[in-house]
Amino acid sequence: MDSITGHPVPESRGAPRRIRRRSRWLTAGATLGALALALSACGSSASTHPSSSKASTTTTPSSSSVKPSSASVAGLYGSLPPTGTPKSGGTITIGTLKGSTPNYAMPIVPAADASVYTAYDFIDLMNQPLYWSPTGAKVAIDQPLSLADLPTYSNGGKTVTVQIKPWKWSNGQTVTANDVVEFIDILKAAVKESAANFGNYTPGFFPDNVASATAKGQTLTLQLTKKYNPAYFTEDQLGLAYAFPPQWAITKTGGKPVNFANPANAKAIYNYLNKQASDLATFGTNPLWKIADGPMEPSAFNPTTGAYTMVPNPDYSGPQKARITLKALVYTSTQAEFNNLESGALDIGGVDYSDLPSVGRIKSSYNVFGYPDYGWQGAMFNFADKTGDFNNIIGQLYIRQALAHLVDQKGIITGLLHGAGDPSYGPVPAIPKNPYAPGNATSAPYPYSLSAAKALLTSHGWKVVPGGQTVCANASKCAPNGSIPAGTKLAFNWQYGNSPPLLGQMSTAFASAAKQLGIEVTLQQHTFNYLIGKDSDPSSPSTKNTWAVVDFGGFTNSLYPTTESLFNTGGSFNEGGYNSSKADTLIHNSVYGSSASAVTKEASFLTGNVPVLFQPNPDLIIAVKKGVSGTANSMLAQTQYTWEPQFWYLTK
Amino acid sequence: MTIPEHQVRPDVEDRPEGDFALVQTALAPNGGAASGAGAVAEGGEVQVLASGWRLALRSFLENRLAVVGVVVVVLMVLFCFVGPLFYHGNYLVANPIFANQAPGAGHPLGTDPNGFDVLAQIMHGGQASLEVGFFAAVIATVIGTIWGAMAGLAGGIVDGIMMRFVDVLLSIPFLFVVLILAQKYGASIVDMSIVLGVFSWLVPSRLVRGEVLTLRVRDFVSAANVMGASRARVAFRHLIPNALSVVIVNVTFQVADAILALAFLGFLGFGLQYPHIDWGDMLSGAETALQNGYWWQVYPVGAALVIVVMAINFIGDALRDAMDVRLRRR
């Protein structure tokens, strides 16, 4: 599916997935299925003072918002802005980072533009997805903010019926099911023309798996090509769907709408819309983008800097109309953004980890809070690297378990993240709260313990030489099939991203722990783009013997957190070629089975099987100026790369 | 160095020809020149003549900054190489729980983000910096000296080709090339020394070539040629030894430059990797550290870097002055 910071990533299958570069949060992107807005500039807060450490925070419900505020938020870092009496009007400025500014204006985002920086944060302000998520920081579809009611499945799961809410376009017309059919038809034309026309496209999945889409009033009926797990299809596949206004079904400026059901027309429509959506200079003025069913409309866009201004859509039919004008400002670095926070020139901005110890300097003027986004951070093994027999070494579960024992999650959270993070032991974390986290997500299956790691190695035939070089002393014990010859060194290289510094610090911490057991870890620093391009067996097989472990950040999960494409054999994001028949079966069940607990079983197995070295999930930290507030959910949503400015306001 | 022929000491037979066994003459009151070492000139008293090296040493020691530089370098070498024998701070076992601690008991210069002891890091980082600086300088000097001597001796089109090659390499940004190579090959001290050394020989080669060009037309070289000396013998027996003053001076600057280059690489994140450490690597987070008030992660190591480089430059300046008779008694 997507790309990261402009770097194309091999297509994924199934749910869109976002690679993230932790801490800088360059991936400010919506989690896919969730289609939320992406926040590029997130920040972090937190100080070194105990008062700012994680706690269970209770927020006061908004007195004015339609949407109830969230109650207690376990694990929240800092404190949310207190609610106040909303003032009508005004402007709120929000910081974004250079390189994370919009470069496309409609929901069918091409692969080349589907960067987490640029794709949905801007688009979803104007276009309402069928299903909006998360709900605050909770991993769930936000039904009041969704354009459709939850779907029903019939015909053995192959027929999906969706009721579209009678919301209004900004021109006063009602949003109908036919508008969704229009989107699907144009999307089909787009991917037929080129798979690269839709960054979230994977052949065989949405929209290919929709055999037909019909509309009757507000009722949308989809006939699927095969049966899917309902949760998967709803949260991951339908999460990609939008409605297109009838006025978009044109092939030239000033033209009359044509029948989009005709594939030739649909192709012409797509080509026209694509051209318009790529024209940055007209983002703020093109009448096409003024027809919105989202909470805001564009009023100005600077094609040079990427800064833009959004104004309320007066016809927005959601639970709360926007009250403020939103101005997205662009900064060249997190430091520059923090400087502006210090000067009070920015209303909402992100705080990078590196600035956490200084956050006390802005606390008198800002409410600072943070929360981990829904995903995981980790270092990926390369199961295909034959250098030094690493493929045979890392293929042993006990080795992976021993290495997992060397990740000091508590130390990383306390020392490197300054408390702004949560432990994470598998692909589905316990925090943010979600319905899919397995039981072993809440406690470390392989807690930090050098002695436990040493015991595992020793009992499997390794001669552990602390501070020296650990070698295999008994080949029959090191690997049951004898694939690890006696004398084999437990040594490998570990490549990590040069930004943020957190990656290097975590890598050093691991190498240090490994050295104490005689495991030689050679650290190598590279750019993020290098790692994504070279350290991927599916997309760069020629370099598969050049890296053993790569740590570039992590992944943001889809709302339905199957690891299809990530850990299934041959998955397009299976960077290190992890191969487990049991994992394949469990992943298949998650996508095509009917059990609601399938994905939980999948996550539980993977948590124990250590396909990657899981690391703590850092918080995404936001600073909100005092005098600016919003519902608790709309504030928390920012930690999930989601903007809900219709709920933001200036206080009286 | 140009010294009148009559000042050459004829009694030093082992010395390479042309290595003007330097003597210093004192003019007799009547203006006559002494005729040789220890001779008593007619009409006046003659000083005992010192060798060129002794004069250079004397000149060097008269330079107070140079003496300070030597003392500083010696102290820093002791600090980096002997210090760890007495101070056993943790620079290998990461412990993030103790990250960013201010100077205090147990950690005289505090800790870094991984909980490493900063004082111990400065010691071990200094080892790496000094070792890389020295090895890189030696590599650069050896290559540059041989290359420059060969070019200067050969002359003509060979000299032109060799020096144009140097010009081409000089036109390539040094850091650009070194960054790329350091990324791929600079994992250890030896690797980094080679990377820096093989791209630092260009200036020495020019200096040596220039010196050789002036030497090769001297009589002693002509004599060696007439006597059938091979080119290699002329180069290694006569030319290079006589260009040593230039080489030695250049070595000191090469050491300083290599230390700074390693610091640049480390600052940019392309320096040595754990378990090695260098001063530049310690400074890579300087902006953030200062922003957060962690001065102990910046100032001590920054000061060490500046002091060492400055001291070596003092030494280099003084050596240049001492070995160049034109500058010796400014």
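Letters A, B, ... mirror the listed sequences (proteins, then strands); counts begin at 1. All figures in this text were calculated on a predicted structure; none of them were measured in a lab.
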Practice problem: Pick one of side chain, backbone, both or neither for E520(A), based on which atoms fall under 4.5 Å of a heavy atom in chain B. | Solution: neither

Exercise. Would you mind checking which part of F510(A) comes under 4.5 Å of any heavy atom in chain B, side chain (CB onward), backbone (N, CA, C, O), both or neither?
Key: neither

Quiz item: Crowded around E287(B) CD? As in, over 12 foreign heavy atoms under 6.0 Å?
Solution: no

Quiz item: Where does A509(A) contact chain B at under 4.5 Å (heavy atoms): side chain, backbone, both or neither?
Solution: both

Exercise. Compare all side-chain heavy atoms of N114(B) with those of L416(A) and state whether any distance is below 4.5 angstrom.
Key: yes

Quiz item: Considering only heavy atoms, which portion of F98(B) lies under 4.5 Å from any heavy atom of chain A: side chain, backbone, both, or neither?
Solution: neither

Self-check item: Where Q505(A) and P113(B) come nearest, the two heavy atoms and their spacing
Solution: NE2-CB, 3.6 Å

Quiz item: Can you tell me how far the CD atom of Q291(B) sits from the CZ atom of R361(A), to the nearest 0.5 Å?
Solution: 4.5 Å

Self-check item: Smallest separation among heavy atoms of G415(A) and A99(B), with atom names
Solution: O-CB, 3.8 Å

Quiz item: Is chain A contacted by the side chain of P275(B), its backbone, both, or neither, given a heavy-atom distance below 4.5 Å?
Solution: side chain

Quiz item: If you count heavy-atom pairs under 4.5 Å with chain B, which of H526(A), K410(A), M506(A) comes out on top?
Solution: H526(A)

Quiz prompt | Close side-chain approach of K515(A) to V93(B), heavy-atom, < 4.5 Å | solution = no

Quiz item: Closest heavy-atom contact between S512(A) and Y274(B)?
Solution: CA-OH, 3.1 Å

Exercise. Flag yes if more than 12 heavy atoms outside F79(B) fall under 6.0 Å of its CZ atom; otherwise flag no.
Key: yes

Quiz item: Roughly how far, to the nearest 0.5 Å, is the CD atom of Q524(A) from the CZ atom of F270(B)?
Solution: 12.5 Å

Quiz item: Taking the side chain from Q525(A) and the backbone from G269(B), do they hold a donor-acceptor pair closer than 3.5 Å?
Solution: yes

Quiz item: So, for Q273(B) and L523(A), which heavy atoms are closest and what is the spacing to 0.1 Å?
Solution: CG-O, 3.2 Å

Practice problem: Give the minimum heavy-atom separation between P96(B) and G411(A), together with the two atoms involved. | Solution: CB-O, 3.1 Å

Practice problem: List the atom of S354(A), the atom of T288(B), and the distance in Å for their closest heavy-atom pair. | Solution: O-CG2, 3.2 Å

Exercise. Answer yes or no: are there more than 12 heavy-atom neighbours, outside Y299(B) itself, under 6.0 Å from its atom OH?
Key: no

